Amino acid sequence: MQPVAPRLATRTFDVEQVRSEFPVLSRRIHDLPLVYLDNAATTQKPLTVLERIDAYYRSENANVHRGVHTLSQEATEAYESVRPTMQAFLGAGSAQEIVFTKGTTDAINVVAGSMSRGYFRKGDEILLTGMEHHSNIVPWQLAAEATGAVVKVVPVDDRGQLDVEAYQALLGPKTRMVAIVHVSNTLGTINPIRQMIADAHSMGIPVLVDGAQAVAHGPVNVQDLDCDFYCMSAHKVFGPTGTGVLYGKAEWLNQLPPYQGGGDMISAVSFERTTYNEIPHKFEAGTPNIAGVIGMGAAIDYLSEFDIADVQRHEHQLVAHATGELEALGGIRLIGTADQKTAVVSFLLDGLHPYDVASVIDRFGVAVRSGHHCTQPLMDQYRIPGTLRASFALYNTLDEVDRLVDAVRRARKFLS
Amino acid sequence: MQPVAPRLATRTFDVEQVRSEFPVLSRRIHDLPLVYLDNAATTQKPLTVLERIDAYYRSENANVHRGVHTLSQEATEAYESVRPTMQAFLGAGSAQEIVFTKGTTDAINVVAGSMSRGYFRKGDEILLTGMEHHSNIVPWQLAAEATGAVVKVVPVDDRGQLDVEAYQALLGPKTRMVAIVHVSNTLGTINPIRQMIADAHSMGIPVLVDGAQAVAHGPVNVQDLDCDFYCMSAHKVFGPTGTGVLYGKAEWLNQLPPYQGGGDMISAVSFERTTYNEIPHKFEAGTPNIAGVIGMGAAIDYLSEFDIADVQRHEHQLVAHATGELEALGGIRLIGTADQKTAVVSFLLDGLHPYDVASVIDRFGVAVRSGHHCTQPLMDQYRIPGTLRASFALYNTLDEVDRLVDAVRRARKFLS
Amino acid sequence: MAAATSTIEERAAEVVEEFELFDDWMGRYEHLIEQGKGLPALPDDYRTEAYQVRGCQSQVWVAAEPTDSGTIRFLADSDALITRGLAALLVRVLDDQPPEAVASSNLAFLDQIGMNEHLSPTRKNGLDAMVRRMKLYAESLAAV
Amino acid sequence: MAAATSTIEERAAEVVEEFELFDDWMGRYEHLIEQGKGLPALPDDYRTEAYQVRGCQSQVWVAAEPTDSGTIRFLADSDALITRGLAALLVRVLDDQPPEAVASSNLAFLDQIGMNEHLSPTRKNGLDAMVRRMKLYAESLAAV
Ligand SMILES: Cc1ncc(COP(=O)(O)O)c(C=O)c1O
Ligand SMILES: Cc1ncc(COP(=O)(O)O)c(C=O)c1O
């Protein structure tokens with residue numbers, strides 16, 4: 001990921017201290033301490049997030065934006081104060097470029113759905129990559145179906161890296177949109193999006209980045225990347241479920257038509273003529289996930305206490321150790337060996353189905369994901385039914401990696 | 001509301017006991033005990049809901065549906081177990097007719113958005129009423145804009161009742177959809193939806209009911225009503241923000257195309273051809289608001305402990321007392337005096353702007369809403385800038401009504 | 001395979017009894033996987049999309065054929081050992097039964113063999129999809 | 001109105017001082033509403049959609065005219081007493097000042113008069129919309 005001015009850390013990274021702040025990590029599974037290595041699916045939540053949500057409901061809960069009474073004003077203030085938090089976290093130029101959504105999937109659908117109302121024309125090309133999550137494929141397929149646009153795909157090589165030359169060759173006069181994943185949830189690959197954005201921009205094409213897997217693992221600066229849209233989910237960065245952010249450049253958000261209609265997104269409504277509110281509110285119809293957004297703010301505040309470089313160093317150790325130890329087992333096929341990778345290790349055991357292995361290692365208290373990880377096209381390309389995926393977060397330890405490796409070894413023995 | 005077999009109450013309704021279960025009610029505002037009368041905007045949450053959400057994050061949090069590990073399975077079970085809860089609460093025929101959404105606004109947008117993909121044709125008529133919330137107006141205006149359909153409006157009389165004869169006359173061969181609010185958030189009017197649904201059905205027209213304000217105040221049975229869609233928000237029925245339900249008859253949900261694309265809503269994805277999951281999952285793209293849905297289940301469990309008839313009796317007392325005492329003040333104009341009303345009292349003080357009054361009574365610790373309540377067309381019809389709205393819930397007391405009336409009296413003195 | 005004379009309930013009870021013999025998960029898993037090994041091979045004709053059951057974590061195929069005696073014959077396979085074991089259990093209990101009996105069967109035994117992690121229908125692990133497919137076949141045969 | 005020679009900062013300080021005299025909300029509210037009563041009537045020409053400020057809980061109109069001396073004259077009105085008072089405060093501080101000074105003004109005084117409930121911009125009560133409109137007028141005049 002691109003270097004940006006580091007956030008100011010207020011504490012030293014100490015994994016044991018961190019672990020004590022995540023209540024779920026003391027759970028036991030089948031009488032063994034939980035080893036939670038499914039962080040790419042969703043992360044666990046620190047106490048500060050739980051306490052913030054609880055406090056909100058215990059003493060501040062009210063609907064936002066429309067009330068003059070104290071509680072409503074306080075709730076509005078708490079909710080709106082998360083916009084500058086997310087602005088700083090993503091390096092956006094202005095808080096009005098931060099749209100609160102249900103999550104990454106919703107954010108991508110907002111853009112693809114709005115673009116279906118007049119932006120895409122028949123024959124336009126939407127350029128995706130072969131390693132996209134279904135959430136960055138299906139919305140564009142729906143948009144293509146509605147408008148007559150067509151989806152084109154940038155190929156992925158055997159190691160799980162994008163073919164950047166093919167990408168450049170695919171960019172053409174018909175390309176109206178590029179949508180790429182920042183970090184692949186299946187492979188861990190960090191894509192060279194800064195270059196890819198510049199390439200697209202040189203031809204006047206906007207770029208949406210699916211940042212679901214990036215934000216928990218490294219600094220992101222949307223102005224520096226110069227992307228037009230950036231999407232993320234709170235639940236993948238230690239925040240609550242049901243909320244996330246669509247960052248959009250103000251000029252895009254102003255220009256696109258609204259996606260959903262309802263309360264809060266309007267300026268004036270009559271049956272004859274309805275006018276829309278200013279951005280970001282134009283894209284936030286109905287009562288938002290107030291507690292969720294406030295919890296997301298607490299999660300970002302938590303993560304920002306650390307020097308993200310410390311977190312990256314720690315996660316890098318975990319990945320290196322897991323990769324080395326798994327390879328040492330033999331009979332292992334690693335899926336995704338790009339030069340630039342985050343905290344994901346996807347693998348297969350020769351002759352064994354990932355579902356069987358995941359089921360057995362769960363019995364040893366180890367939680368990994370098995371399956372296609374919502375990237376079926378990638379599985380089809382590699383001609384595999386799925387992978388086992390261990391994905392790490394800042395609270396995982398080298399000991400846990402050892403427990404994973406041990407569980408894999410025992411599972412193989414059991415299943416063979 | 002239509003009579004249905006009462007749910008089985010497990011406790012006697014005791015308002016002081018109930019109050020002790022809602023932590024926020026002990027808050028002080030400007031050094032006075034809070035009197036929260038903005039329940040139509042959002043309700044407060046009982047301890048059981050807070051504790052359920054907290055417990056979820058502390059020991060069960062994982063992503064749903066796609067994991068074989070224990071935590072993911074438990075989370076899936078907790079999440080999916082809310083579907084039968086909501087099925088029972090709404091009287092749906094099957095749990096697969098319960099789609100989890102962000103809330104009412106999202107639910108209406110799902111239907112209006114899906115219907116924009118092939119169902120509505122140019123010249124089709126969408127029939128709404130003059131007392132709809134913006135959330136049940138703007139989605140249909142967007143659908144009309146996208147498809148060439150037109151919006152027609154059932155008039156409202158001076159007391160805030162629908163003109164049912166005009167409704168019947170408006171139903172015609174071009175009518176393709178009827179969308180009506182069950183209970184008006186501004187007026188409290190309970191609409192005769194059962195009859196209106198039957199009228200529409202006699203001409204083969206489907207009906208969506210906006211139930212946002214109905215579910216906290218009386219029994220709802222969608223099979224008995226025979227509506228095709230019913231929409232509600234958890235946060236208006238003692239549950240968390242950011243979730244709600246779209247009930248849809250299975251035949252409709254099966255027939256409509258998906259609204260959003262992403263993970264979980266698909267069956268198989270390839271760049272050539274994507275097939276969709278079964279209902280309700282077809283309409284639930286991306287990681288859902290897991291904690292929110294689980295919290296909604298806890299809220300419904302809580303409400304279901306009571307005999308809803310007891311709650312209705314209590315709320316009726318509050319409304320009757322408030323109406324009587326406010327009228328006794330003189331110089332008050334009540335907005336919404338329908339024969340069938342729920343727990344809402346909207347009013348104006350002669351010569352005073354609702355914003356001024358609401359600001360001053362907040363100083364006395366009383367939280368009411370002022371404004372157009374997202375029903376601008378209704379305000380335009382009555383030629384008023386807005387109203388003051390006191391809306392009650394099961395935890396409000398007659399004493400609180402007295403504090404409201406006293407605050408209004410003092411505010412008028414202060415402002416005149 | 002159990003004798004065609006025993007009912008679904010009898011066979012289910014037999015399965016539950018067998019699994020009760022094991023007091024640890026390893027034994028139960030081994031037994032389950034063993035069941036899968038006993039499943040007759042699925043003819044290639046059935047290894048197609050039409051017979052594939054969606055919603056499973058692994059690939060699963062389920063097919064059904066009417067027998068001359070009016071019962072229903074089930075065939076199944078999966079590329080995962082555990083799923084194949086589960087499919088084998090279902091086949092063992094439902095095979096060669098009258099379609100009506102299959103369609104109306106209560107498969108509560110699945111909750112009683114101590115493998116909730118694969119078997120609880122609300123967990124959406126695909127087992128419910130297999131069961132639904134088998135019942136669907138039975139219903140359409142019963143209707144003929 | 002304050003003399004045209006006093007700066008925005010000076011006038012703001014004056015307002016803050018006045019409000020500090022009251023130690024209860026009633027006094028402050030009365031004073032605020034009093035300010036509104038002193039606001040000159042808004043000519044009907046300005047009582048149109050073009051001059052209406054969106055996002056307020058009450059109807060608010062704000063207009064601006066250049067003066068011969070190169071400063072900017074503000075006119076405003078609202079149908080609510082409190083909002084009218086707030087508009088009057090803004091007019092009092094910004095009226096007859098150079099457009100550049102208005103455009104770059106820091107209106108922190110709004111946080112210092114003990115009426116946060118109406119004045120904190122994150123609370124989105126419409127005051128920020130009024131301020132933005134006034135600055136917009138000033139910017140476009142400054143640009144001429
Ligand atoms: C009648 C009615 N419909 C729809 C809505 C929208 O609900 P939500 O904001 O929870 O989506 C509301 C509440 O604001 C309402 O009162
Ligand atoms: C790369 C990527 N994109 C998009 C998503 C979708 O995120 P969500 O399910 O939170 O909407 C995910 C996570 O599932 C992901 O890993």
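Given the structure is predicted, the values throughout are model-derived calculations rather than measurements. Throughout, a chain's letter reflects where its sequence line sits, starting with A, and its residues are numbered from 1. Just the heavy atoms: all of them, side chains too, but no hydrogens, waters or symmetry mates, feed the values below.
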Can you check whether [X] reaches [Y] side chain to side chain, under 4.5 Å on heavy atoms?
X      : Y      : answer
B:H235 : A:I290 : no
B:D362 : A:V68  : no
B:T241 : A:Y57  : yes
A:E145 : B:T274 : no
B:Y259 : A:Q260 : yes
B:K102 : A:D106 : yes
A:R27  : B:L71  : yes

Pairwise distance CD(A:Q44) to OG(B:S59) - rounded to 0.5 angstrom: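 Rounded to the nearest 0.5 Å, the CD-OG separation comes out at 10.0 Å.
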Would you compute the distance between atom CE of A:M265 and atom CG of B:N109 and round it to the nearest 0.5 angstrom?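 The distance works out to 8.0 Å.
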Given a strict heavy-atom distance threshold of 4.5 Å, which part of B:V368 is in contact with chain A: side chain, backbone, both, or neither?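 Contact with chain A involves the backbone of B:V368 alone.
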Answer with side chain, backbone, both or neither: which region of B:I53 has an atom nearer than 4.5 Å to a non-hydrogen atom of chain A?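 Looking at B:I53, just its side chain touches chain A.
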Please find the pair of heavy atoms, one from [X] and one from [Y], that lie closest to each other, and give the distance.
X      : Y      : value
B:H30  : A:T70  : NE2-OG1, 3.3 Å
A:N63  : B:R369 : O-NH2, 3.7 Å
A:G263 : B:S135 : N-OG, 3.1 Å
B:R58  : A:L50  : CG-CD1, 3.7 Å
B:V24  : A:E60  : CG2-N, 4.2 Å
B:G261 : A:L142 : N-CD1, 3.6 Å

Partner chain B: residue of [options] with the largest heavy-atom pair count (under 4.5 Å):
options                        : value
A:A62, A:S233, A:P377          : A:P377
A:A291, A:A367, A:A143         : A:A367
A:I137, A:V110, A:N136         : A:I137
A:P139, A:S116, A:C374, A:A146 : A:P139

Step by step, would you call A:I266 with B:V138 a side-chain contact (heavy atoms from CB on, under 4.5 Å)? CA-CA 9 Å; A:I266 55 86; B:V138 188; 3.7 Å; yes
Side chain / backbone / both / neither for [X] at chain B, heavy atoms under 4.5 Å:
X      : answer
A:L47  : side chain
A:L34  : side chain
A:V153 : side chain
A:L128 : side chain

Do you know which of [options] has the most heavy-atom pairs with chain A at a distance under 4.5 angstrom?
options                        : answer
B:V269, B:T42, B:T105          : B:V269
B:V151, B:I361, B:D54, B:I108  : B:D54
B:G103, B:S26, B:A268, B:S72   : B:A268
B:P240, B:P258, B:G292, B:G118 : B:P240

Hey, does the side chain of B:Q141 reach the backbone of A:S270 with a donor-acceptor pair shorter than 3.5 angstrom?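 Here the side-chain-to-backbone pair exists.
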Would you say the side-chain atoms of B:N61 pair up with the backbone N or O of A:T43, donor to acceptor, closer than 3.5 Å?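 Checking the backbone N and O of A:T43 against the side chain of B:N61, a donor-acceptor pair under 3.5 Å is found.
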